[in-house]
Participant: 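The structure is given below, and queries will be raised subsequently.
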Amino acid sequence: MCAHAVRVAVRKIDGVDSVRVSLNEGLATIRFKPDNRVGVEQVREAIRRNGFTPKGADITIHGRLVEQGGALALQVVPTDRTYSLVAGSEADVLARMRRTAVGRVVVVYGGVAETRRGAAVDTIQVRRFEIR
């Protein structure tokens, strides 16, 4: 099992543009093609199939900011996925999002927690955002 095997497996996922893997850092950096339909779960499963355990991930994702049941969520159009949003390092980030960006397309910089095999990622910890 090596970095090359992980890189090849992830690169085969339709929608992945490039992959860099560093076993020393325990890090895979994956760049996706525009309008891809790749979910975090697909990438994690490719990593597991190569004998590694995927951990939490930093992500940059864009979509439309919406309110659902009083909570903020991100709708990602190409995937038809909706992610719940929770505050990351800045406690007031969600309040700022609610004031300025509901209904608008935003780029969210944040993280997703480690999940069990087969479990879907449904929450993003927001560190910061930009309105597009």
Side-chain angles (χ1 to χ4, degrees):
M1 291 176 242
C2 66
H4 177 71
V6 172
R7 185 173 50 252
V8 168
V10 173
R11 181 69 181 93
K12 286 182 180 179
I13 298 170
D14 188 30
V16 170
D17 188 39
S18 66
V19 181
R20 186 180 66 80
V21 177
S22 169
L23 294 181
N24 289 338
E25 296 175 49
L27 180 68
T29 303
I30 305 163
R31 187 166 303 276
F32 297 95
K33 296 175 182 173
D35 296 327
N36 73 81
R37 296 179 179 271
V38 179
V40 174
E41 298 86 1
Q42 289 172 271
V43 174
R44 286 181 171 168
E45 189 53 37
I47 292 168
R48 282 186 185 101
R49 281 193 310 268
N50 282 278
F52 294 92
T53 302
K55 302 293 182 189
D58 291 334
I59 64 169
T60 301
I61 187 169
H62 74 275
R64 184 164 307 280
L65 185 66
V66 297
E67 285 195 74
Q68 290 185 330
L72 291 179
L74 186 71
Q75 289 180 335
V76 181
V77 176
T79 64
D80 296 325
R81 294 284 312 268
T82 300
Y83 296 93
S84 299
L85 302 177
V86 297
S89 55
E90 292 184 40
D92 71 332
V93 69
L94 296 183
R96 286 186 286 120
M97 291 178 89
R98 183 172 274 118
R99 278 193 315 272
T100 62
V102 171
R104 300 177 75 179
V105 173
V106 297
V107 177
V108 172
Y109 302 88
V112 293
E114 179 179 353
T115 57
R116 296 180 330 272
R117 177 171 282 209
V121 171
D122 60 0
T123 303
I124 298 172
Q125 290 183 325
V126 180
R127 286 193 278 283
R128 64 185 182 91
F129 72 99
E130 296 173 1
I131 298 172
R132 287 292 156 132

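Computed over heavy atoms, backbone and side chain alike; hydrogens, waters and symmetry mates excluded.
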Participant: Less than 3.5 Å apart, which donor and acceptor atoms pair up between the side chains of residues 12-31 and the rest of the protein, not counting sequence neighbours?
Facilitator:
| unit_1 | atom_1 | unit_2 | atom_2 | d |
| --- | --- | --- | --- | --- |
| Ser22 | OG | Glu25 | N | 3.2 |

Participant: Other than Val107, which residues form its hydrophobic cluster under the rule that side-chain heavy atoms must be closer than 4.5 Å?
Facilitator: Tyr109
Participant: Is it the case that one hydrophobic cluster holds both Leu72 and Val105, taking links as side-chain heavy atoms less than 4.5 Å apart, direct or via other members?
Facilitator: no
Participant: Taking only distance into account, with no hydrogens and no angle test, what donor-acceptor pairs under 3.5 Å do side-chain atoms of residues 119-128 form with protein atoms, sequence neighbours excluded?
Facilitator:
| unit_1 | atom_1 | unit_2 | atom_2 | d |
| --- | --- | --- | --- | --- |
| Arg127 | NH2 | Asp58 | OD1 | 2.8 |
| Arg127 | NH2 | Gly110 | O | 2.9 |
| Arg128 | NH1 | Glu130 | OE2 | 3.4 |

Participant: Go through the steps to decide whether Leu65 and Phe129 satisfy the test side-chain contact (heavy atoms from CB on, under 4.5 Å), and finish with yes or no.
Facilitator: CA-CA 11 Å; Leu65 185 66; Phe129 72 99; over 6 Å; no
Participant: Donor-acceptor pairs under 3.5 Å, side chain of residues 91-103 to any protein atom, not counting sequence neighbours: which ones?
Facilitator:
| unit_1 | atom_1 | unit_2 | atom_2 | d |
| --- | --- | --- | --- | --- |
| Asp92 | OD2 | Arg96 | NE | 3.4 |
| Arg96 | NH2 | Glu90 | OE1 | 2.6 |
| Arg98 | NE | Glu67 | OE1 | 3.3 |
| Arg98 | NH2 | Gly70 | O | 2.9 |
| Thr100 | OG1 | Arg96 | O | 2.8 |

Participant: For a 4.5 angstrom cut-off between non-hydrogen side-chain atoms, does Thr53 reach Glu114?
Facilitator: yes
Participant: Going by the rule side-chain contact (heavy atoms from CB on, under 4.5 Å), which residues pair with Val66 if we only count those two or more places apart in sequence or in a different chain?
Facilitator: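 Partners of Val66 under the side-chain contact (heavy atoms from CB on, under 4.5 Å) test: Arg64, Gln68, Ala73, Gln75.
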Participant: With heavy-atom distances below 4.5 Å as the criterion, would you say the side chains of Val108 and Tyr83 are in contact?
Facilitator: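 No - every pair of side-chain heavy atoms lies 4.5 Å or more apart.
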Participant: Is any side-chain heavy atom of Val112 less than 4.5 Å from a side-chain heavy atom of Arg44?
Facilitator: yes
Participant: Side-chain heavy atoms under 4.5 angstrom apart, residues restricted to Ile, Leu, Val, Met, Phe, Trp, Tyr: same cluster for Val76 and Ile131?
Facilitator: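 They do share one cluster, since a chain of ILVMFWY contacts under 4.5 Å joins Val76 to Ile131.
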Participant: Going by side-chain contact (heavy atoms from CB on, under 4.5 Å), name the residues that satisfy it together with Arg49, two or more places apart in sequence or in a different chain.
Facilitator: Glu45, Ala46
